[in-house]
> 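Please see the structure below; I have some questions.
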Amino acid sequence: MLKELTKISCLKDNVDKNVTIGGWVRHLRPSGKLIFIVIRDGSGLCQCVIEKEKISDELFEQLKRLGAESSLTLTGSVRKDARSVGGYELIVSDAKVFCESTDYPITPKSHGIDFLMKNRHLHLRSQRQWCIGKVRHTVVNAIRQFLNDNGYVLVDTPILTGIVGEEAGSLFNVDYFDMPAFMTQTGQLHVECGAMSYGKVYCFGPTFRAEKSKTRRHLTEFWMVEPEITFIDLPDLLEITENFVSFIVKEVLDKNETELKTLGSDIESLKKITPPFYRLTYTQASEILTSQKTQDFLAAQLNEFKTQKQEIENKIAALETEAKGQIKQWRQDKIASELIDLRSDLAEIETKIENNPKHAKLASQFQWGKDLGGSDETIISLMHDKPVFVTHYPRDAKAFYMKQDPENPETVQNFDMLAPAGFGEIIGGSMREDIHDKLLARINEQGYKLENYQWYLDLRKFGSVPHGGFGLGVERTLAWLTGEKHIRQCIAFPRMMDKILI
RNA sequence: UCCCCGAUAGCUCAAUCGGUAGAGCGAGCGGCUGUUAACCGCUAGGUCGUAGGUUCGAGUCCUACUCGGGGAGCCA
């Protein structure tokens, strides 16, 4: 059967030919003796036109009553038509229905996030989710391609682990045959072993954090790629990172322009993502945050928000006045629907207005020594049109394995990469402490159990070399590239705090 | 753990001062040969999140709880 079917994406090569497509009903409009069915088959969308006299009365009646997401095959001739979704349509001569769906819960009108998440198993078929999934596929593929083509060897690190990469308390505990174990929160420590074997390696898989974070940037299970490279210094590492990220962006622009357009992502600004990225030290970043420039920037932003709010309120008032007058029913309906959208926009802008002074205060009170907060990162990234590397964080704010900077022992040789347009951190990386005694002292300072880290210390005993790496969050990268506000839409089955659906 | 917001039909939302529960979509029936979230007519659809309280009267006011959304901290 499969061999006899033509993919919708291949219709352009079959104009005026007779083909059969197989898929699901996205939308159906009967119009007397004519039916329009928009079919999706996983490769694209196609409008099928059914004229009553061309098929049997029985079949016509059956097709006319098909609900959304009914499955069927349709046979007919392909015609180029600019009015049609995708530019081609099928003039149907025959059809075979596999499943008549009724009461499909996701309708063409808008739905709340709670409802969509409860119907996640079906929501994945919708257009936005389909587009994000296609981009995700490209991103994952680009990650593997870049690393494989540049001499990195894949090392699969364990998901069940007995040790902690950074801070405990934010890990999922597992009862491992009555022994305590954790779900991994990073493959880094293990992948370093591989680096000393192959020189350049990476691990790529799911990772788990039990942080009780309810924000648009957090999942408890997410995918992360972690390259690790030997015989490098921090400038080398930044260069590798910017080449890596630029390659991913370029691949997505090449392969998913249609999807990006549908999703409404900012293609022009993505085209600017080429090396070099901006480089700031943590100290420079903290100076920016506490500067007058930042206060002015945020004040200007606040004014912009207030203007937007006023505009929305004016629109709402005008529509409400119009709705009170004597107008046609269809116009009343349209106004009602516009009002719903406007009120939602209004709520969003009000939240921004409410948060702006808080963020301004946090930035102005920023003290050297603290980690950069989410809002601080947002401010810095909004002030730049390309990704920003923030390097040399205070040693006390960072993980034990990060290499102390010889020139400024208060800091470590690490970096965070902030995506532009306010999305914030998508990469965290560092040079690793390669001096045995310094690492040992750090493990003791943190109060970690030495026996758990003996093997990790061995890497510094037997042929230690300068090395470093980073972790890139796949869902955060996707949210940035697609313009999606929340990373829960960037993975098929998101796991969030207090929520596991199917 | 803390702060803010919310919960009304299957879905998205209205309901003015505390006074008879509303609309669109979706579903069902009928009409329409070029629709793009089509359109037109009709029908069905409700324990207003839960439990108390105030009141002649509560979707509306008060208290607690539950669930959800956004943010802080933390992070990819």
Side-chain angles (χ1 to χ4, degrees), chain A residues 26-38 45 47 49-53 65 67-68 81 83-86 89 102-119 165-167 169-170 185-186 207-226 320 323-324 329-330 332-337 339-341 343-344 347-348 350-352 354-355 358-359 362 370-375 377-378 397-399 416-419 423-429 470-480 485-488 496 498-499:
Chain A
R26 160 139 295 163
H27 201 70
L28 186 141
R29 283 182 294 271
S31 178
K33 290 169 183 146
L34 192 65
I35 309 170
F36 298 100
I37 309 183
V38 176
L45 294 174
Q47 174 163 276
V49 184
I50 296 141
E51 294 171 34
K52 193 167 166 52
E53 57 266 31
R65 280 163 214 293
D81 194 317
R83 292 173 295 185
S84 195
V85 194
E89 60 185 23
T102 50
D103 297 331
Y104 185 67
I106 301 177
T107 66
K109 294 283 172 178
S110 64
H111 297 283
I113 190 63
D114 190 32
F115 178 80
L116 290 176
M117 280 299 160
K118 279 177 183 154
N119 289 284
E166 297 178 23
E167 296 299 317
S170 60
Q185 61 164 346
T186 171
T207 193
F208 306 88
R209 307 266 166 102
E211 294 153 6
K212 296 208 168 176
S213 302
K214 269 174 65 171
T215 80
R216 66 184 64 185
R217 296 192 313 280
H218 285 88
L219 293 169
T220 54
E221 176 181 316
F222 62 96
W223 281 65
M224 180 159 73
V225 59
E226 296 176 274
E320 280 175 342
K324 278 176 195 160
Q329 185 59 45
W330 68 266
Q332 287 279 8
D333 298 345
K334 184 131 173 70
I335 288 173
S337 136
L339 280 175
I340 288 167
D341 290 344
R343 287 192 182 114
S344 151
E348 197 175 318
E350 277 171 349
T351 307
K352 285 182 181 171
E354 199 185 316
N355 285 334
K358 291 182 197 166
H359 294 169
L362 282 170
K370 290 197 304 184
D371 208 346
L372 253 51
S375 62
E377 288 177 348
T378 305
K398 286 291 163 183
D416 279 352
M417 197 200 86
L418 312 180
F423 194 80
E425 182 182 352
I426 62 170
I427 293 180
F470 60 87
L472 173 137
V474 170
E475 291 79 15
R476 284 191 179 180
T477 303
L478 273 167
W480 163 47
K485 280 185 191 138
H486 205 300
I487 65 171
R488 68 185 155 208
M496 288 167 296
D498 301 331
K499 194 189 287 177

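What's counted below: heavy atoms across the whole structure, side chains too, no hydrogens, waters or symmetry copies. Treat the numbers as computed from the prediction; the structure is a model and nothing was measured. So that the names make sense, note that chain A is the first sequence line, chain B the second, and so on, each numbered from 1.
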> Name the nucleic acid region contacted by A:Glu475, choosing base, sugar-phosphate or nothing; use a 4.0 angstrom heavy-atom cut-off, strictly under.
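A:Glu475: no heavy atom of the nucleic acid under 4.0 Å.
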
> Given the P atoms of B:rA15 and B:rG22, what is the spacing between them in whole Å?
14 Å

> Counting heavy atoms from C-beta on, name the nucleotide in B:rG70, B:rC75, B:rG34 closest to the side chain of A:His218.
B:rC75

> Between B:rG18 and B:rC3, how far apart are the two P atoms, rounded to whole Å?
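So the two P atoms sit 28 Å from each other.
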
> Once you apply a heavy-atom cut-off of 4.0 Å, does A:Leu472 come out as touching a base, just sugar-phosphate, or nothing?
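Touches nothing.
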
> Which pair of heavy atoms, one from A:Arg217 and one from A:Gly374, lies closest together, and at what distance?
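For A:Arg217 versus A:Gly374, the nearest heavy atoms are NH2-CA, 3.9 Å.
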
> Counting a pair only when it is Watson-Crick or G-U and both distances are under 3.5 Å, which runs of at least 3 such pairs involve RNA chain B?
B:1-7 with B:66-72, B:10-13 with B:22-25, B:27-31 with B:39-43, B:49-53 with B:61-65

> Nearest 0.5 angstrom please: A:Ile426 CD1 to A:Leu478 CG, how far?
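CG of A:Leu478 is found 10.0 Å from CD1 of A:Ile426.
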
> Within the structure shown, what part of the strands sits under 4.0 Å from A:Leu219 by heavy-atom distance: base, sugar-phosphate, or nothing?
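Answer is base: heavy atoms of A:Leu219 come under 4.0 Å of a base.
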
> Please report, rounded to the nearest Å, how far the P atom of B:rU33 is from the CZ atom of A:Arg29.
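So the two atoms are 16 Å apart, to the nearest Å.
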
> Using the P atom in both, what is the distance from B:rC29 to B:rC67, to the nearest Å?
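Result for the P pair: 41 Å, nearest Å.
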
> I'd like to check A:Arg476 versus A:Phe222 (side-chain heavy atoms, cut-off strictly below 4.5 Å). Are they in contact?
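A side-chain contact is absent here, since even the closest heavy-atom pair is not under 4.5 Å.
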
> Taking N and O atoms by type only, does the side chain of A:His111 place a donor or acceptor under 3.5 Å from a partner on the base of B:rC11?
no

> Is there a side-chain contact between A:Asp416 and A:Leu372, using heavy atoms and a 4.5 Å cut-off?
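No, their side chains stay 4.5 Å or more apart.
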
> With a 3.5 Å cut-off and heavy atoms only, can you find an N or O donor on one side and an acceptor on the other between the side chain of A:Glu89 and the base of B:rG34?
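When only heavy-atom distances are counted, A:Glu89 does reach the base of B:rG34 through a donor-acceptor pair under 3.5 Å.
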
> Is A:Phe222 stacked against the base of B:rA76, taking the criterion as centroid distance under 5.5 angstrom and interplanar angle under 30°?
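Given the distance and angle limits, yes, they stack.
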
> Using the C1' atom as the reference point in each nucleotide, state the distance between B:rC75 and B:rG6 in Å, no decimals.
28 Å

> Counting only N and O atoms by type, is there a donor-acceptor contact under 3.5 Å from the side chain of A:Glu475 to the main-chain atoms of A:Arg488?
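No.
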
> Round to the nearest Å and state the distance from A:Arg83 atom CZ to B:rU35 atom P.
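Atom CZ in A:Arg83 sits about 7 Å away from atom P in B:rU35.
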
> Suppose you measure atom P in B:rG49 against the same atom in B:rU60; what distance do you get, rounded to whole Å?
8 Å

> Going by the glycosidic torsion and a 90 degree boundary from 0, is the base of B:rC48 oriented syn or anti?
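Anti for B:rC48; the angle lies over 90° from 0.
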
> Out of B:rC75, B:rC25, B:rU36, which nucleotide sits closest to the side chain of A:Thr107?
B:rC25

> Taking for each residue the nucleotide of RNA chain B with the nearest heavy atom, is it A:Asp416 or A:Val85 whose nucleotide lies nearer the 5' end?
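First, find each residue's nearest nucleotide; the 5'-ward one identifies A:Val85.
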
> Among the candidates B:rA76, B:rG71, B:rG70, find the nucleotide nearest to the side-chain atoms of A:His359.
B:rG71

> List for me each residue that meets ring pair (Phe, Tyr, Trp, His ring centres under 6.0 Å) alongside A:Phe470, sequence neighbours excluded, and say none if there are none.
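Partners of A:Phe470 under the ring pair (Phe, Tyr, Trp, His ring centres under 6.0 Å) test: A:Phe244.
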
> Quantified in whole Å, what is the C1' atom distance between nucleotide B:rG69 and nucleotide B:rG45?
28 Å

> A:Leu28 or A:Ile113: which one's nearest nucleotide on RNA chain B is closer to the 5' end?
A:Leu28

> Kindly write out the residues that satisfy ring pair (Phe, Tyr, Trp, His ring centres under 6.0 Å) with A:Phe115, not counting sequence neighbours, or none if the list is empty.
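Partners of A:Phe115 under the ring pair (Phe, Tyr, Trp, His ring centres under 6.0 Å) test: A:His111.
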
> Side chain of A:Phe36 only, please: which of B:rC75, B:rG34, B:rG69 is the nearest?
B:rG34

> Rounding to a whole Å, what distance do you find between A:Lys214:NZ and B:rC5:P?
15 Å

> Indicate whether OP1 or OP2 belonging to B:rG71 is found under 4.0 Å from a side-chain N or O atom of A:Arg216.
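For B:rG71, OP1 or OP2 has a side-chain N or O of A:Arg216 closer than 4.0 Å.
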
> Measure the distance from CD on A:Glu53 to C1' on B:rG34 and round it to the nearest whole Å.
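Roughly 14 Å, once rounded to whole Å.
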
> List the residues meeting side chain to side chain donor-acceptor pair (under 3.5 Å) with A:Asn119, not counting sequence neighbours, and say none if there are none.
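Here no residue qualifies.
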
> Mind calculating the distance between CZ (A:Phe115) and P (B:rU12) to the nearest angstrom?
7 Å

> Answer with base, sugar-phosphate or nothing: what part of the nucleic acid does A:Glu221 contact at a heavy-atom distance below 4.0 Å?
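Result for A:Glu221 = nothing.
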
> Would you check if the side chain of A:Thr207 reaches a backbone N or O of A:Gln185 as a donor-acceptor pair within less than 3.5 Å?
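Here the side-chain-to-backbone pair exists.
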
> I'd like the C1' distance from B:rA37 over to B:rU47, given in whole Å.
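Pairwise C1' distance, B:rU47 against B:rA37, rounds to 33 Å.
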
> Taking only the C1' atom of each, what is the distance from B:rA9 to B:rC5 in whole angstrom?
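To the nearest whole Å, 24 Å.
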
> Measure CD1/A:Ile50 against P/B:rG34 and give the value in whole Å, please.
16 Å

> NZ of A:Lys118 versus P of B:rC11: gap in Å, rounded?
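Between P of B:rC11 and NZ of A:Lys118: 9 Å.
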
> If you round to the nearest 0.5 Å, how far is NE2 of A:His486 from CG of A:Leu219?
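With rounding to 0.5 Å, CG (A:Leu219) is 7.5 Å from NE2 (A:His486).
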
> Rounded off to whole Å, could you give me the CG-to-P distance for the A:Leu418 and B:rA76 pair?
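Interatomic distance, CG of A:Leu418 to P of B:rA76: 12 Å.
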
> To the nearest 0.5 Å, tell me how far A:Glu89 CD sits from A:Arg83 CZ.
6.5 Å

> Report the nucleotide, chosen from B:rU33, B:rG68, B:rG71, that has the shortest atom-to-atom distance to any side-chain atom of A:Asp114.
B:rG68

> Please classify the nucleic acid contact of A:Asp371 as base, sugar-phosphate, or nothing, using heavy-atom distances under 4.0 Å.
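Touches sugar-phosphate only.
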
> Within the 4.0 Å limit for protein heavy atoms, which parts of nucleotides 27-32 of chain B are touched? Write it as a string from 5' to 3', B for base, S for sugar-phosphate only, - for none.
S-SS-B

> Test of understanding: with side chain to side chain donor-acceptor pair (under 3.5 Å), list the residues that count as partners of A:Glu425, not counting sequence neighbours.
none

> When we call it a touch if two heavy atoms are under 4.0 Å apart, what does A:Glu377 touch: a base, just sugar-phosphate, or nothing?
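A:Glu377: base contact, heavy atoms under 4.0 Å.
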
